[in-house]
2 protein chains.
Amino acid sequence: MDIFLQSVGALNDETRIRILAFLSRHGRLCVCDLESSFNMIQSRLSRHLKILKEAGFLRVEREGRWAYYSIRSPLDRFRQEALNEIATLPLELPELSTSCTPKGNP
Amino acid sequence: MDIFLQSVGALNDETRIRILAFLSRHGRLCVCDLESSFNMIQSRLSRHLKILKEAGFLRVEREGRWAYYSIRSPLDRFRQEALNEIATLPLELPELSTSCTPKGNP
DNA sequence: TAAATAGATCAATATATCTTGATATATTAA
DNA sequence: TTAATATATCAAGATATATTGATCTATTTA
């Protein structure tokens, strides 16, 4: 129950849905890339990323001072189906903006 | 987006998850059956049933003064997968109690 | 027609979640 | 070692959602 509620709770927010869609499309991004792409303050993104990570949707790789987030793989059936559903939504996502990483982004 | 968020929002509550599991197991029940099974006040159940119905999980059939709720069929992929997931959860559900329907329950 | 029953809805309160701005931590660059 | 950068976390206020008890509607029974 709790694990399912945690997954569902993580999906129950427009910002997090957009983050999932954006990471599905662009792969592995650091917080500051998301920050400049979404034009959101950093604490807000960091919090949402934490919720998505703890719910099993994302993984993080720390490299120096950067934290790279990406869709976790493999996902279980329910999370994968949720992600498939999100991929079909007519979301207007921002362009990818990487201005915050002068040298960091591989 | 909104339709997905509505589905997810409907799933984002322990009471509603239990109602879905209970209706999956027992089929078609009226509000008063759920009321006596779950030992919950009627307004609370009615509200949760409305949310599940509007999110596309349930259908209602009115018969006289009774309102019979059941899992809507067919469900789309995401809702069906959510229901499958709920079916695997180790929920402790109440026994079915139909004391409230002296003659109504087919 | 009056009383009883099933269910829906509303208003008030309680509880949870989100957003923001400030601050803390860690890493790298000067 | 100091400053700057990337990220995380915290506290306060704002917003959303859940619960309860009361009331309303519709239907059936006496």
Side-chain angles (χ1 to χ4, degrees), chain A residues 1-2 5-20 23 28-55 58-70 97-106, chain B residues 1-2 5-20 23 28-55 58-70 97-106:
Chain A
M1 161 71 89
D2 293 334
L5 259 179
Q6 194 179 19
S7 294
V8 164
L11 293 169
N12 190 37
D13 182 273
E14 179 166 343
T15 299
R16 291 194 289 269
I17 290 175
R18 297 170 68 81
I19 290 172
L20 285 175
L23 285 173
R28 183 170 168 278
L29 298 174
C30 63
V31 180
C32 54
D33 287 339
L34 293 164
E35 199 181 337
S36 59
S37 299
F38 279 96
N39 199 28
M40 264 178 207
I41 66 175
Q42 179 267 324
S43 67
R44 182 177 173 186
L45 273 168
S46 191
R47 184 176 185 277
H48 286 302
L49 290 167
K50 182 184 187 184
I51 290 170
L52 287 168
K53 185 193 67 175
E54 289 182 344
L58 300 183
R59 75 183 193 129
V60 203
E61 296 162 289
R62 274 214 155 268
E63 287 181 20
R65 50 186 157 179
W66 286 275
Y68 289 93
Y69 284 84
S70 52
S97 161
T98 57
S99 59
C100 60
T101 52
K103 61 169 78 162
N105 221 16
Chain B
M1 160 72 90
D2 294 332
L5 258 180
Q6 193 180 20
S7 295
V8 164
L11 293 169
N12 191 35
D13 181 274
E14 179 167 343
T15 299
R16 292 195 287 270
I17 290 174
R18 297 170 69 80
I19 290 172
L20 286 175
L23 286 173
R28 183 169 168 279
L29 297 174
C30 63
V31 180
C32 54
D33 287 339
L34 293 165
E35 200 181 337
S36 59
S37 299
F38 279 96
N39 198 29
M40 265 179 207
I41 66 175
Q42 178 268 324
S43 68
R44 182 178 172 186
L45 272 169
S46 192
R47 185 176 186 278
H48 286 303
L49 290 167
K50 182 183 187 184
I51 289 170
L52 287 169
K53 185 193 66 176
E54 290 182 343
L58 300 183
R59 75 185 192 126
V60 202
E61 296 163 288
R62 275 213 155 267
E63 288 181 20
R65 50 186 156 178
W66 287 275
Y68 289 94
Y69 284 85
S70 52
S97 160
T98 58
S99 58
C100 59
T101 52
K103 59 169 76 163
N105 221 15

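Lettering of chains follows the sequences in order, A, B, ..., and the numbering in each one begins at 1. Bear in mind that the values here come from a model prediction, so they are computed numbers and not experimental data.
- In this structure, the side chains of A:Leu58 and A:Leu20 come closer than 4.5 Å at one or more pairs of heavy atoms.
- The CZ atom of A:Arg62 sits 8 Å away from the C1' atom of D:dA8 (whole-angstrom rounding).
- If you check C:dG7, D:dT20, C:dT20 against the side chain of A:Ser43, the one that comes closest is C:dT20.
- One atom, CZ of B:Arg65, and another, P of C:dA6, lie 6 Å apart when rounded to the nearest Å.
- The phosphate of D:dA8 has OP1 or OP2 within less than 4.0 Å of a side-chain N or O from A:Tyr69.
- Between A:Asp13 and B:Leu5, the closest heavy-atom pair is N-CD2, 3.7 Å.
- Between B:Lys50 and C:dT9, a side-chain N or O to OP1/OP2 separation shorter than 4.0 Å is present.
- Here the P atom of nucleotide C:dC18 and the CD atom of A:Glu14 are 12 Å apart, to the nearest Å.
- A straight line from CD of A:Glu61 to P of D:dA6 spans 19 Å, rounded to a whole angstrom.
- Atom P of nucleotide C:dA6 and atom CG of B:Leu45 are separated by 14 Å, given to the nearest angstrom.
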Side-chain donor-acceptor pairs of residues 40-51 of chain B under 3.5 Å, sequence neighbours excluded:
| from | atom 1 | to | atom 2 | distance (Å) |
| --- | --- | --- | --- | --- |
| B:Arg44 | NH2 | B:Thr15 | OG1 | 3.2 |
| B:His48 | ND1 | B:Arg16 | NH1 | 3.1 |

Which protein N or O atoms sit under 3.5 Å from an N or O of nucleotides 13-19 of chain D?
| from | atom 1 | to | atom 2 | distance (Å) |
| --- | --- | --- | --- | --- |
| D:dA18 | OP1 | B:Asp13 | OD2 | 3.4 |
| D:dA18 | OP1 | B:Arg16 | NH1 | 3.0 |
| D:dA18 | OP1 | B:Arg16 | NH2 | 2.7 |
| D:dA18 | OP2 | B:Arg47 | NH1 | 3.1 |
| D:dT19 | OP1 | B:Arg44 | NH2 | 2.8 |
| D:dT19 | OP2 | B:His48 | NE2 | 2.4 |

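- Not counting sequence neighbours, the partners of A:Glu61 by the side chain to side chain donor-acceptor pair (under 3.5 Å) test are A:Arg28, A:Arg59.
- The line from OG of A:Ser97 to CG of A:Leu34 is 10.5 Å long, rounded to the nearest 0.5 Å.
- Whole-Å rounding puts the A:Arg18 CZ to C:dC18 C1' distance at 16 Å.
- A donor-acceptor contact under 3.5 Å is formed by the side chain of A:Gln42 with the base of D:dA8.
- A:Tyr68 and A:Glu63 get closest at one heavy-atom pair: CE1-OE1, 3.9 Å.
- B:Met40 has its CE atom 19 Å from the P atom of C:dA6, to the nearest Å.
- Residues A:Ala67 and A:Val60 come closest through the heavy atom pair CB-CG1, 3.9 Å.
- Between the P atom of C:dT27 and the CH2 atom of A:Trp66 lies a distance of 13 Å, rounded to the nearest Å.
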